[in-house]
Amino acid sequence: MRVLIADDDADLAMLVGYSARTLWPDCAVVTAPDGREALRQFADAVPDMVILDVTMPPPDGFEVCRRIRQANPSVPILMLTARDTVLDEVKALDLGADDYLTKPFDHLKLSARLRALSRRTAGEGDRGAGGETGEAEAGGEAGLRIDLAAREVRVDGVPVELTPTEYLLLEYLARHPGAILPHQAILEHVWGGEYAHDTHYLKVFMHRLRRKLGDAAGHPRYIQTCRGIGYRFVTEH
Amino acid sequence: MTAQVLIVLLSAQADPAGIVEGLEAGADDVLPMPFLAQELVARVRSHIHLAGRRREAQALREEFIASAAHDLRTPLTSLQIGLGLLDAETMGLSPDARGVLDAVRRNAQRLAIHVGDLVTANQLSADLVRIEAERVALRDVVQGAVEAVQLLYREKEQRIEVAIAGALAVRGDARRLEQVLVNLLANANRHTPAGTLVTVAGGAEDGEVRVTVGDTGPGIPAGELERIFERHQQLEPALGGSGLGLTIARSLIVLHGGRIWAESPPGGGARFHIALPRDRKGG
């Protein structure tokens, strides 16, 4: 396990690293004091997890997140931010971060987020009665196909690269075809119980997922919005 | 949006009273007729220039507040992580040393509340706080707030008793609502003697969700019940606090479309009530 921590505050970077090692004693921590070094370290160290502060010497955390996500669709990214508006959080998630933490936070909160992020990445969650094999599809032969064993997704025969969280979200919906899944149930299953009311996570990730699948909320091929309630995996048109 | 539209009133009334009337009605400028076309163009240009300067000033202010928030919250985060990592048990600290560690932890918690208030007060005065409403269970918010102040209560050997009926679903910003509850609980902690009980009661009635924080402190004089929500109005400055907590609580509750008020029953103590519109879709 290798964790890249980019923060211009050396003390905070060290403490976040220490906190990560209490969870994973063997993990190697690499730090970067600015965005440029973060990108260089990302290319050199090939980390298994990235923790980015938003405010740091250029490029800032948002831009670093965007570039890392372009280069690697699956590495989990946690953003640390002192900006406390939902818009900033949505921006971080929309650029490809998997999660964010608003400063100030303590060791327990950080550990909980790192653990949840690691769990989602490893795909260790309970995924229902469907088991780990089989396929799910929507939109007919030429539409969406999900290989549940290989965790591969194709749209019209073309592979789609999803982040681990995006994949878990799609898989959970696909395992309940035709059923309306409430927001809270999806959040609890994919993100964990402590996220049960964080509906903006769901909105942003659904937007990201639909964008990658070429689906539109207005004319859904695969995922239908049930306004104010939840989402439904569409199997027939 | 309409507040950003430039309104120049062309008026047949050239007298000062007519111009004043136009400006008071909301126009940015009043141009008495007849006028030269060049004058109209020059005035519009001037207003556009001024609007640009105002936008720049607002952007600078936003940047300053974001930068100050970062500079205050980053070292505070280091403090909180570091203190969380120090385990008095495994370090084999003496009782005195444990006392020192507890005091540092308490003060980090106090600092977190003050920094949060300072940043929010600036955000409010710069009109930067936007409530992104989501379904929120106020019961969970209360729980989070109680956890956030527990060290302050432990210091004074006070207890918090929570009696909430149901999830109390509202639409709001959970973090902002927690800040309100933390401020009310911190206020009760400061103004209540050691060893006493603070209660948090909640329920739904008449389409509203209500939460009440009650203490057994000295209470609030009738003439001060409104004034305590004003900026820097403290009944007992010696007890500490920034004097911002209740003002921020009121501003945040009003932004949620709710109400907040205080009462002081004849038997003593103070009660702070919050009423928020109930979320009809759940809980």
Side-chain angles (χ1 to χ4, degrees), chain A residues 5 7-23 53-56 60-61 80-90 100-112 114 182-184 187 193-204 226-230, chain B residues 62-63 65-87 105 108-109 111-113 115-116 119-120 123 128-141 144 147-148 151 167 169-177 179 279-283:
Chain A
I5 301 167
D7 197 309
D8 59 342
D9 188 296
D11 285 343
L12 186 60
M14 181 270 288
L15 287 158
V16 169
Y18 195 101
S19 205
R21 278 200 297 272
T22 62
L23 282 179
D53 188 18
V54 168
T55 308
M56 62 180 165
D60 70 9
L80 309 180
T81 172
R83 299 167 187 241
D84 57 1
T85 70
V86 173
L87 284 179
D88 286 311
E89 292 160 1
V90 167
Y100 60 82
L101 250 182
T102 305
K103 296 176 187 176
F105 51 83
D106 59 19
H107 164 60
L108 291 178
K109 211 175 261 181
L110 174 63
S111 301
L114 292 178
H183 296 140
Q184 195 172 333
L187 282 160
E194 66 273 29
Y195 294 81
H197 301 294
D198 293 331
T199 48
H200 59 281
Y201 277 87
L202 186 51
K203 281 182 195 161
V204 175
C226 303
R227 211 173 159 74
I229 304 170
Chain B
E62 285 180 25
E63 197 45 49
I65 293 170
S67 171
H70 177 262
D71 292 349
L72 290 167
R73 286 174 168 158
T74 297
L76 186 58
T77 308
S78 291
L79 264 180
Q80 291 192 330
I81 294 178
L83 287 168
L85 287 166
L86 294 177
D87 184 344
R105 283 187 173 138
Q109 196 166 72
L111 190 60
I113 295 172
V115 166
V119 172
T120 305
Q123 289 171 330
L128 290 177
V129 178
R130 300 278 176 275
I131 302 300
E132 300 291 330
E134 297 180 335
R135 184 178 179 276
V136 173
L138 216 48
R139 180 188 54 199
D140 299 342
V141 172
E147 282 167 21
L151 291 180
V170 297
R171 291 195 66 75
D173 182 327
R175 207 161 43 214
R176 294 297 186 188
L177 291 172
Q179 191 176 7
D279 180 19
R280 298 285 178 186
K281 286 181 186 151

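Every chain is numbered from 1 and lettered A, B, ... according to where its sequence line falls, protein lines coming before strand lines.
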ask   = Got a donor-acceptor contact below 3.5 angstrom from the B/Arg73 side chain to the A/Pro104 backbone?
value = no
note = One option among A/Thr102, A/Thr81, A/Val16 has the most heavy-atom pairs under 4.5 Å with chain B, and it is A/Thr102
task = Would you please name every residue forming a side-chain hydrogen bond (donor to acceptor under 3.5 Å, both in side chains) with B/Asp173, sequence neighbours left out?
result = none
ask   = Mind checking whether A/His183 and B/Arg135 have side chains closer than 4.5 Å, heavy atoms only?
value = no
note = Interface check, chain B: of A/Asp106, A/Asp198, A/Ile229, most non-hydrogen pairs under 4.5 Å belong to A/Asp106
message = Can you tell me which of B/Leu76, B/Thr74, B/Ile65 forms the most heavy-atom pairs within a distance under 4.5 Å of chain A?
response = B/Thr74
Side chain to side chain contact (heavy atoms under 4.5 Å, CB included) between B/His70 and A/Asp9, intermediate numbers included = CA-CA 11 Å; B/His70 177 262; A/Asp9 188 296; over 6 Å; no
key: Contact origin within A/Asp11 toward chain B - heavy atom pairs under 4.5 Å   = both
query = Would you say B/Glu134's side chain and A/His200's backbone share a donor-acceptor pair under 3.5 angstrom?
reply = yes
key: Interatomic spacing from CE in A/Met14 to CD1 in B/Ile81 - rounded to 0.5 Å   = 10.0 Å
ask   = Given A/Leu15 and B/Leu85, is the side chain to side chain contact (heavy atoms under 4.5 Å, CB included) satisfied, shown in steps?
value = CA-CA 9 Å; A/Leu15 287 158; B/Leu85 287 166; 4.2 Å; yes
query = Can we say A/Glu89 and B/Arg175 salt-bridge, meaning some charged N sits less than 4.0 Å from an Asp/Glu carboxylate O?
reply = yes
ask   = Checking A/Ser111 against chain B: side chain, backbone, both or neither under 4.5 Å from a heavy atom?
value = neither
ask   = Which bit of A/Asp88 is near chain B, if near means a heavy-atom gap under 4.5 Å: side chain, backbone, both or neither?
value = neither
query = So what's closer than 4.5 Å to chain A heavy atoms on B/Ala174: side chain, backbone, both or neither?
reply = neither
key: Per-residue contact mode, A/Thr22 against chain B (heavy atom under 4.5 angstrom)   = side chain
